[in-house]
Amino acid sequence: MASAFSARQLPARLAIRQPRVCSVNISKRTLQSTAISQGQNTAYPLYPSVIQLLHEKGIPESEISKIPASGPKGRLLKGDVLAYLGAIASDYPSIQASRLQKLAHLDLSNIKLAPPPPPAQPAAPVVEKEVPAPPLTASVAVSVSLGAVLSVQQKIKETLGTTVPLSTFLVRATDLANDALPRSSTEKPTVDELFDEILGAEPINFSRGDYFPELNKLDPSEVTPAKKKPVAEDIIDILAGKTVKKTARKLPAAQSPSNGSALNVFSLTVPVGEEKRARTFLERVKDLLQVDPGRLVL
């Protein structure tokens with residue numbers, strides 16, 4: 001009986017109550033719960049990013065199964081949707097999937113074994129270099145009394161009220177004694193000096209030294225006094241009854257041990273051949289310190 005009525009004869013209210021089917025608007029819950037046939041693996045839901053992209057592009061539910069899936073375990077990726085729409089190359093997802101699959105495994109096919117090391121060659125015999133022998137040296141020493149220096153030092157303190165250190169006397173005497181020392185037999189003239197000699201200049205036989213003596217105090221017990229020769233008495237004096245009084249010779253103030261002027265040894269160690277040059281230097285130092293040490297500080 002219902003078939004006898006046409007669609008026009010149905011009440012308007014009944015027609016309004018018929019549900020409308022929308023193929024474009026798809027909810028997230030519907031996409032996740034829908035069974036996807038060929039493209040998406042039905043065992044896994046769609047990625048949230050894929051669902052968002054499907055909504056943005058307006059892809060209906062019926063077309064989801066037509067999109068080839070290239071993701072892991074057959075899941076649909078955003079690249080698959082973009083390739084289906086033509087936004088990117090159609091083979092781009094498959095190329096990237098194969099690339100990622102290749103990079104996921106360590107490829108050791110291009111590694112080659114290192115060649116074995118060559119056999120060790122016998123070591124060359126070690127030739128010991130001859131070490132040149134150190135030059136022979138000689139020691140030159142001179143005994144110097146510092147009594148005159150101590151006397152001048154005391155006078156300066158009493159007159160000026162200041163003390164001049166003993167090192168000042170020694171440094172200035174050393175500096176003056178190094179001037180114009182005779183050349184050593186081992187010292188060779190320079191090129192400029194040889195050229196000057198060719199032009200007629202006199203050869204230079206003197207040069208400045210760079211000596212500095214070593215100072216060692218001499219123990220008075222080590223000084224052996226000179227033995228005095230016995231004075232031969234004249235027979236005439238004996239017969240005449242004359243007696244010769246023997247008096248001890250007084251030492252000068254500068255050489256008296258009680259004046260604090262114990263002998264000091266100034267020494268130098270020089271190569272063999274420079275003994276004359278070194279002795280000249282020490283003799284000058286001795287003269288400067290014993291004869292007139294006052295001019296060293298005045």
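Of the inter-residue distances, the one linking R277 atom CZ with N178 atom CG reads 8.0 Å to the nearest 0.5 angstrom. Note that CG of L289 and CG of L296 are 6.5 Å apart. Values are rounded to the nearest 0.5 Å. Distance check: K73 NZ to Y44 OH gives 4.0 Å after rounding to the nearest 0.5 Å. Separating the CG atom in L268 from the CD atom in E275 is a distance of 11.5 Å, to the nearest 0.5 Å. If you take CD1 on I204 and CD on E187, they are separated by 10.5 Å, rounding to the nearest 0.5 Å. Taken to the nearest 0.5 Å, the CG atom of L76 stands 8.0 Å off from the CD1 atom of I64.
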- Assess whether side-chain contact (heavy atoms from CB on, under 4.5 Å) is satisfied between L53 and I59, documenting all intermediate values. CA-CA 9 Å; L53 184 61; I59 298 176; over 6 Å; no
- Item | V149 and L170: CA distance, side-chain angles, deciding distance, side-chain contact (heavy atoms from CB on, under 4.5 Å) verdict | CA-CA 10 Å; V149 175; L170 298 178; over 6 Å; no
- Item | Full working for side-chain contact (heavy atoms from CB on, under 4.5 Å) between T168 and V297 | CA-CA 8 Å; T168 303; V297 293; 4.3 Å; yes
- Can you check side-chain contact (heavy atoms from CB on, under 4.5 Å) on L176 and V285, steps first, answer last? CA-CA 8 Å; L176 293 174; V285 173; over 6 Å; no
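Donor-acceptor pairing under 3.5 Å is lacking for the side chains of S167 and R172.
Applying the 6.0 Å contact sphere to CD of E202 captures no more than 12 heavy atoms from other residues, nucleotides or ligands. Counted within 6.0 Å of CG on L199, heavy atoms from surrounding residues, nucleotides or ligands total more than 12; the atom is thus considered enclosed. At most 12 heavy atoms of other shown residues, nucleotides or ligands fall within 6.0 angstrom of atom CZ in R99.
A donor-acceptor contact shorter than 3.5 Å is absent between the side chain of S151 and the backbone of G147. Looking at N205, its side chain never comes within 3.5 Å of a backbone N or O of R183 through a donor-acceptor pair. Of the possible polar contacts, none joining the E63 side chain to the P60 backbone as a donor-acceptor pair under 3.5 Å is found. Under the 3.5 Å distance criterion, the side-chain polar atoms of T159 are matched with a main-chain donor or acceptor of K155. The main-chain N or O of D179 is found under 3.5 Å from a side-chain atom of R284 such that the two form a donor-acceptor pair. For Q153 (side chain) and V164 (main-chain N/O), a donor-acceptor pair under 3.5 Å exists by modelled atom type. Side chain of D175 to backbone of V171: no donor-acceptor contact under 3.5 angstrom is found.
Scanning for side chain to side chain contact (heavy atoms under 4.5 Å, CB included) contacts around Y47 gives S49, V50, P72, R75, L77, with sequence neighbours left out.
Scanning both residues, K66 and S62, for their nearest heavy atoms gives CE-O, 4.2 Å. Across D80 and A69, no two heavy atoms sit closer than the pair OD2-CA, 3.5 Å. Closest approach of N216 to S267, counting heavy atoms only: ND2-OG, 3.8 Å. T174 and Y211 make their closest contact through CG2-O, 3.3 Å (heavy atoms, listed as atom of the first residue, atom of the second, distance). In terms of heavy-atom proximity, L194 sits nearest to P189 at CD2-CG, 3.7 Å. Residues F266 and L282 come closest through the heavy atom pair O-CD1, 3.7 Å.
The side-chain heavy atoms of F169 and L146, taken from C-beta on, include no pair separated by under 4.5 Å. Side-chain contact check for T162 versus I156: some heavy-atom pair is nearer than 4.5 Å. Using a 4.5 Å heavy-atom threshold, the side chains of E283 and V142 count as touching.
F212 and V270 are assigned to two separate hydrophobic clusters, defined by single-linkage of ILVMFWY side chains at heavy-atom distances under 4.5 Å. Linking Ile, Leu, Val, Met, Phe, Trp and Tyr whenever their side-chain heavy atoms come within less than 4.5 Å puts L288 and L215 in one cluster. Grouping the Ile, Leu, Val, Met, Phe, Trp and Tyr side chains by contacts below 4.5 angstrom, directly or via other members, places L160 with L166.
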